Undergrad: 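Quick one: the structure is below, questions incoming.
No hydrogens, no waters, no symmetry mates; every other heavy atom, side chains included, goes into these values. Since the model is a prediction, treat every value here as computed from it, not as a measurement.
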Amino acid sequence: MWAASDAYERYVGRWSRPVAVEFLRWLAAPPGWTWLDVGCGTGALTETVLAHAGPAVITGVDPSEGFLDRARQRVPDAAFEVGDATDLGGRTADVVVSGLVLTFVPDAAQAVAEFARAAPYVGSYVWDYTTGMQMMRLFWDAARDVDPAAAAHDEGLRFGDVSGADPLRALWTGAGLRDVEVTGIVVPTVFRDFADFWEPFLGGTGAAPAYAAKLPPEQLDAVRDLLRSRLPAQGPIELTARAWAVRGSR
């Protein structure tokens, strides 16, 4: 599901970059630090760190070779290595960050404990799948109206134990991190038209597109038509996306 980097970029990668900028402003790590970007994906956060945070060096770690290939092409000044969020292989840095990752890690508590082992300063952000990531919320609401079985795939239901302010705070304090703070980051997600909104859901990469790829054609058409009826008929579709960000120190 996570191998097609181009599909991911069109689906949600394009919206992760403005969140990364706001996250780094809030994180306020000093220049000259060494960084680990865990679950770096196609390099959106890694690239933003290089542009805005003045790192001494940054290494992106991700289990997907497809994403790492894209990241290496896009961000040649960073190092990228295969790795797992729950076992960083002894890597250390001044700061560990992870963007839009923890909801997909099988053991988020173990991952945060590993982050805290690897660095004295740890920050992360995840989409607010329950209410704040509007494009996905609209999709899942329509999918559940067409296919009640979609509830088993709905990220708002599956990831509620991670993608909220209180769960993130609990993960950070549970890993022994101190001075833990959580904030919301909201960015605009403006789609040119309905096709720009809908077609990325057909790419197969990401939870909602993976679900859509398995739907019978008539159900997929029904979800599309229901979404079309709930969104502006013409012109840009102006939505927002919220992420929850957390930081803490060892």
Undergrad: Determine, stepwise, if the pair Phe194 / Leu231 fulfils side-chain contact (heavy atoms from CB on, under 4.5 Å).
TA: CA-CA 8 Å; Phe194 183 76; Leu231 290 166; 3.9 Å; yes
Undergrad: Any donor-acceptor pair under 3.5 Å linking the side-chain atoms of Thr103 with those of Ser163?
TA: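 No, because no side-chain N or O of Ser163 sits under 3.5 Å from a partner of the opposite role on Thr103.
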Undergrad: So, the side chain of Tyr125 versus the backbone of Val101: is there a donor-acceptor pair under 3.5 Å, distance only?
TA: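 No; zero donor-acceptor contacts below 3.5 Å.
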Undergrad: Please check if the side chain of Arg158 supplies one atom and the backbone of His153 the other of a donor-acceptor pair under 3.5 Å.
TA: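 Yes: the side chain of Arg158 pairs with the backbone of His153.
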Undergrad: Do Thr92 and Arg117 have side-chain N/O donor and acceptor atoms under 3.5 Å apart?
TA: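 No donor-acceptor contact under 3.5 Å links the two side chains.
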Undergrad: side-chain contact (heavy atoms from CB on, under 4.5 Å), that's the test. Do Phe115 and Leu171 meet it? Break it down for me.
TA: CA-CA 11 Å; Phe115 298 171; Leu171 283 170; over 6 Å; no
Undergrad: Is the charged tip of Arg247 near the ring of Trp26: under 6.0 Å from the six-membered ring centre and within 45° of its axis?
TA: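 Yes, Arg247 sits over the ring of Trp26.
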Undergrad: With sequence neighbours left out, what residues match Arg74 under salt bridge (charged side-chain N to carboxylate O under 4.0 Å, His left out)?
TA: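 In terms of salt bridge (charged side-chain N to carboxylate O under 4.0 Å, His left out), with neighbours along the sequence ignored, Arg74 is linked to Glu9, Glu47.
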Undergrad: Do Trp198 and Leu227 have side-chain heavy atoms sitting under 4.5 Å apart?
TA: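 Yes. Closest side-chain heavy atoms under 4.5 Å.
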Undergrad: Hey, can you pull the donor-acceptor pairs under 3.5 Å for the side chains in residues 138-148, sequence neighbours left out?
TA:
from   : atom 1 : to     : atom 2 : distance (Å)
Trp140 : NE1    : Glu155 : OE1    : 2.6
Asp141 : OD1    : Arg137 : NE     : 3.2
Asp141 : OD1    : Arg137 : NH2    : 3.3
Arg144 : NH1    : Asp154 : OD2    : 3.0
Asp145 : OD2    : Arg230 : NH1    : 3.3
Asp145 : OD2    : Arg230 : NH2    : 2.6
Asp147 : OD1    : Ala149 : N      : 3.1
Asp147 : OD2    : Tyr211 : OH     : 2.8

Undergrad: Tell me whether Val97 is reachable from Val246 by hopping between hydrophobic residues (I, L, V, M, F, W, Y) whose side-chain heavy atoms are closer than 4.5 Å.
TA: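 No, no single cluster joins them.
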Undergrad: Quick one: do Glu181 and Arg169 make a salt bridge, cutoff under 4.0 Å?
TA: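 Not counted as a salt bridge, because no side-chain N and carboxylate O are separated by less than 4.0 Å.
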Undergrad: Test your reading of the model: is there a side-chain donor-acceptor pair from Thr240 to the backbone of Val187, 3.5 Å cut-off?
TA: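 No, Thr240 side chain to Val187 backbone: no donor-acceptor pair under 3.5 Å.
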Undergrad: Evaluate Asp196 against Arg14 for salt bridge (charged side-chain N to carboxylate O under 4.0 Å, His left out), listing each step before the verdict.
TA: CA-CA 12 Å; Asp196 189 34; Arg14 55 179 165 166; 3.2 Å; yes
Undergrad: To the nearest 0.5 Å, what is the distance between CG on Leu220 and CZ on Phe201?
TA: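 Rounded to the nearest 0.5 Å, the CG-CZ separation comes to 11.0 Å.
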Undergrad: Taking atom types as modelled, is there a side-chain donor on Asp37 or Thr46 under 3.5 Å from an acceptor on the other?
TA: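 Checked: Asp37/Thr46 side chains pair up, N/O donor to acceptor below 3.5 Å.
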Undergrad: Output all residues satisfying side-chain contact (heavy atoms from CB on, under 4.5 Å) with Ala93, sequence neighbours left out; order by chain, then residue number.
TA: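 Only Thr34, Leu36 meet the side-chain contact (heavy atoms from CB on, under 4.5 Å) criterion with Ala93.
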